[in-house]
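Before any comments, here is the structure.
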Amino acid sequence: MEFSIIATSDIHGHTERFSQLAKMIQKEKPALLIDNGDFLQGSHLSYYYEQVKKGTHPQIALANELQYDVAIFGNHEFNYPLNEIAHMRNACHFPWIAANIQDFAHPYFIKETHGIRIAVIGVVTHFVPQWDEDDYTTSLFFEDALASAKRTVQHVRSHENVQLVILSYHGGFEQDLHTGHRIDLEDGENQGYAMLQQIDGIDIFITGHQHLEIATTVNGVSVVQPGANAHCFAQITVTIEVDEITHSPELVYVDNSIQPQNFDELYQWKHTWIGESEIDFSYSDFFSPRFQSIPYTQLIHQMQLHYTGAQLSVTELPYHATGGFSKNIYYGDVLHNLPRANHLKVLALTGSEIREALELCAAVFAINDAYEIDFSSTVHYPEPQPYTYDCWGGLDYELTISQAVGQRVTKLHYQGREIQPDDVFEVAVNSYRATGSHQFTMLQKKAIREVPTIIPQLMMRYIQEQSPLNITLTSSFQVRK
């Protein structure tokens with residue numbers, strides 16, 4: 001006898017593509033359908049239903065139609081207040097679980113199918129509170145995911161009479177599965193490798209969070225991680241022969257010949273004109289806005305300084321090869337360039353703290369074999385992480401990548417004068433960076449003031465108020481060999 005288990009993860013509200021996967025999943029008729037978290041947050045459609053239309057996300061209706069069995073909380077579920085999470089849970093016709101969030105969700109889910117009992121245990125990376133920009137999780141306790149998973153697997157094996165145990169972990173791997181080579185910091189954000197090495201009794205291991213595409217077997221455990229943004233799902237084929245249960249994993253990729261669900265209201269809103277520019281604010285390659293000041297990044301800094309009254313500005317760039325604004329600007333252009341719903345905080349930073357933050361940014365680069373500046377494999381393995389690099393505005397600086405890490409800031413001036421270690425500046429940063437995550441601990445401090453309006457909406461307002469747009473900011477930076 002044979003049946004399938006299907007898992008999705010990190011869909012991030014990409015419902016158009018998810019609707020294509022949904023038709024594929026319906027044909028497979030899985031015995032168990034699991035989502036591994038980060039279900040809604042992160043797409044233009046999600047922004048539209050959160051900020052513009054303010055209604056129940058259509059992806060929930062699609063998941064209900066598919067009859068998902070269970071979902072695991074991901075870190076991005078907690079980008080919303082607890083009352084909005086409750087509304088989302090109530091709208092779903094399936095439970096949300098997490099063993100390591102105390103008194104918040106059931107630790108596991110059990111389903112009987114094809115004559116066997118299957119347990120699905122959910123855990124989420126316990127780093128969630130570190131990324132909480134708005135104190136939504138202060139009333140919750142997140143236990144170490146590894147410790148919680150180990151204890152819950154033991155409990156389920158001892159007390160629930162199950163024949164198959166699935167650990168569904170919204171987290172990834174800190175070491176390569178087959179070589180043991182470290183691929184992440186030793187900080188506990190991702191503990192998947194340790195879970196495989198230290199926990200007995202797991203049959204199937206579903207992971208996510210890192211957006212990798214993995215389908216393999218490790219010591220008899222089927223291990224999957226189905227990418228991100230609904231590009232694929234994981235399918236585990238389970239075979240029962242007499243008293244033996246075997247399983248094999250694979251990834252199934254979206255069939256783009258399937259007609260996706262259309263969202264005409266979103267399309268019309270995204271193509272609504274909001275303003276224009278006097279100059280070209282577009283860019284057409286990945287590295288140019290990261291290597292020197294361009295009109296687009298200057299515009300972002302100009303907007304942030306306008307609304308915060310700060311002296312300096314910090315911005316990150318999304319992982320796009322093309323971006324910026326052409327002459328006519330639409331709502332969708334803003335979301336393409338500024339997709340994250342962060343808000344701005346103004347921090348008091350010393351010259352030494354600014355230099356330290358810039359050295360962290362400079363560390364992501366290296367000189368490759370072709371003697372070109374590229375991402376450092378020691379920082380960006382196995383996937384690039386653009387959120388560890390920022391562009392600064394309001395000051396003039398240079399990063400020299402041929403210098404040793406930690407000594408790459410070779411120019412740092414404000415209004416023509418070299419910045420001294422004890423100088424203090426008001427700096428506008430986004431609320432995510434202000435959590436201090438990814439080693440930016442110098443930015444983890446109490447804000448002087450905040451602008452509660454999210455950054456995409458600030459840019460939309462700025463375009464409407466200042467159109468036609470031009471540049472008045474004169475500071476610049478350069479990344480060189």
Side-chain angles (χ1 to χ4, degrees), residues 12-13 40-52 54 76 78-81 131-136 269-270 272 274-275 277 281-283 289-290 293-320 323-325 329-347 349 357 361 386-394 426-438 440 443-444 447-467 469 471 473:
H12 288 290
L40 295 179
Q41 192 275 338
S43 71
H44 292 184
L45 185 67
S46 294
Y47 178 94
Y48 182 72
Y49 275 90
E50 292 160 16
Q51 305 293 338
V52 182
K54 296 186 183 294
H76 281 289
F78 297 95
N79 286 8
Y80 305 101
W131 304 319
D132 184 358
E133 304 168 30
D134 299 291
D135 297 328
Y136 292 150
W269 177 80
K270 285 174 64 176
T272 301
I274 56 174
S277 63
F281 285 102
S282 64
Y283 61 90
R290 290 165 167 82
S293 294
I294 62 170
Y296 171 69
T297 51
Q298 293 291 77
L299 177 68
I300 298 295
H301 295 310
Q302 196 167 290
M303 178 274 291
Q304 295 191 163
L305 296 177
H306 174 80
Y307 287 117
T308 62
Q311 297 165 282
L312 308 179
S313 164
V314 182
T315 189
E316 61 175 319
L317 294 167
Y319 199 60
H320 299 322
F325 301 130
I329 307 170
Y330 304 87
Y331 282 124
D333 297 329
V334 177
L335 286 192
H336 174 76
N337 289 285
L338 297 165
R340 299 184 180 90
N342 311 123
H343 62 278
L344 290 171
K345 295 187 174 188
V346 179
L347 309 179
L349 297 179
C361 294
Y387 46 79
T388 60
Y389 178 78
D390 297 320
C391 300
W392 285 62
E426 291 190 356
V427 184
V429 304
N430 73 56
S431 50
Y432 178 77
R433 187 61 82 223
T435 65
S437 297
H438 309 294
F440 284 89
L443 304 182
Q444 189 179 14
I448 300 170
R449 56 187 177 275
E450 301 185 34
V451 180
T453 305
I454 60 174
I455 294 172
Q457 291 180 351
L458 285 180
M459 179 52 82
M460 292 171 189
R461 184 195 304 172
Y462 189 78
I463 293 167
Q464 291 168 332
E465 292 175 350
Q466 305 293 327
S467 185
L469 300 176
I471 287 297
L473 200 65

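Residues Tyr330 and Asp333 are in side-chain contact: their nearest non-hydrogen atoms beyond the backbone lie under 4.5 Å apart. With a 4.5 Å cut-off on side-chain heavy atoms, Val429 and Phe440 do not count as touching. Considering only heavy atoms from C-beta on, Phe325 comes within 4.5 Å of Asn337 through its side chain. With a 4.5 Å cut-off on side-chain heavy atoms, Gln302 and Gln466 do not count as touching. Leu349 has its side chain within reach of Leu443: a pair of non-hydrogen atoms, C-beta onward, lies under 4.5 Å apart. Two residues are said to be in side-chain contact when any heavy atoms from C-beta on lie closer than 4.5 Å; Cys391 and Leu317 meet this criterion. Contact annotation: the side chain of Tyr48 never approaches that of Leu335 to less than 4.5 Å [non-hydrogen atoms, C-beta and beyond]. The shortest distance between side-chain heavy atoms of Gln41 and Ser46 does not fall below 4.5 Å.
Judged purely by atom type and a 3.5 angstrom limit, Arg340 has no side-chain atom pairing as donor or acceptor with the backbone of Asn430. Judged by distance alone, the side chain of His320 and the main-chain N or O of His336 form a donor-acceptor pair under 3.5 Å. In this structure a side-chain-to-backbone donor-acceptor pair under 3.5 Å is present from Thr297 to Ile294.
Closest approach of Tyr307 to Leu458, counting heavy atoms only: CE1-O, 3.5 Å. The heavy-atom pair separating Asn342 from Pro456 by the smallest distance is O-CD, 4.4 Å. Scanning all heavy atoms of the two residues, the minimum distance from Leu473 to Gly394 falls at CD2-N, 4.3 Å. Closest heavy-atom contact between Ile471 and Leu299: CD1-N, 3.5 Å. Smallest separation of non-hydrogen atoms from Ala310 and Glu426: CB-O, 3.5 Å. Smallest separation of non-hydrogen atoms from Ser437 and Thr435: OG-OG1, 2.9 Å.
Atom CD1 of residue Ile455 and atom OG of residue Ser431 lie 6.5 Å apart, to the nearest 0.5 angstrom. Annotation: the span from Ile274 atom CD1 to Ile463 atom CD1 amounts to 4.0 Å, rounded to 0.5 Å. A distance of 9.5 Å separates OG in Ser313 from CD in Gln298, rounded to the nearest 0.5 Å. Tyr331 OH to His44 NE2: the interatomic distance, rounded to the nearest 0.5 Å, is 14.5 Å. To the nearest 0.5 Å, atoms CG (Leu338) and CD (Gln457) are separated by 12.0 Å. In this structure, CD1 in Ile454 is found 10.5 Å from NE2 in His343, a value given to the nearest 0.5 Å.
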| What do the steps show when you test Met459 against Ile300 for side chain to side chain contact (heavy atoms under 4.5 Å, CB included), and what is the final call? | CA-CA 8 Å; Met459 179 52 82; Ile300 298 295; 3.4 Å; yes
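Ionic pairing of Lys345 and Glu133 is not present here: no N-O contact between side-chain nitrogen and carboxylate oxygen is shorter than 4.0 angstrom.
If you look at Tyr136 and Tyr80, their ring centroids are not closer than 6.0 Å.
Side-chain N/O atoms of Tyr432 and His438 include a donor and acceptor closer than 3.5 Å.
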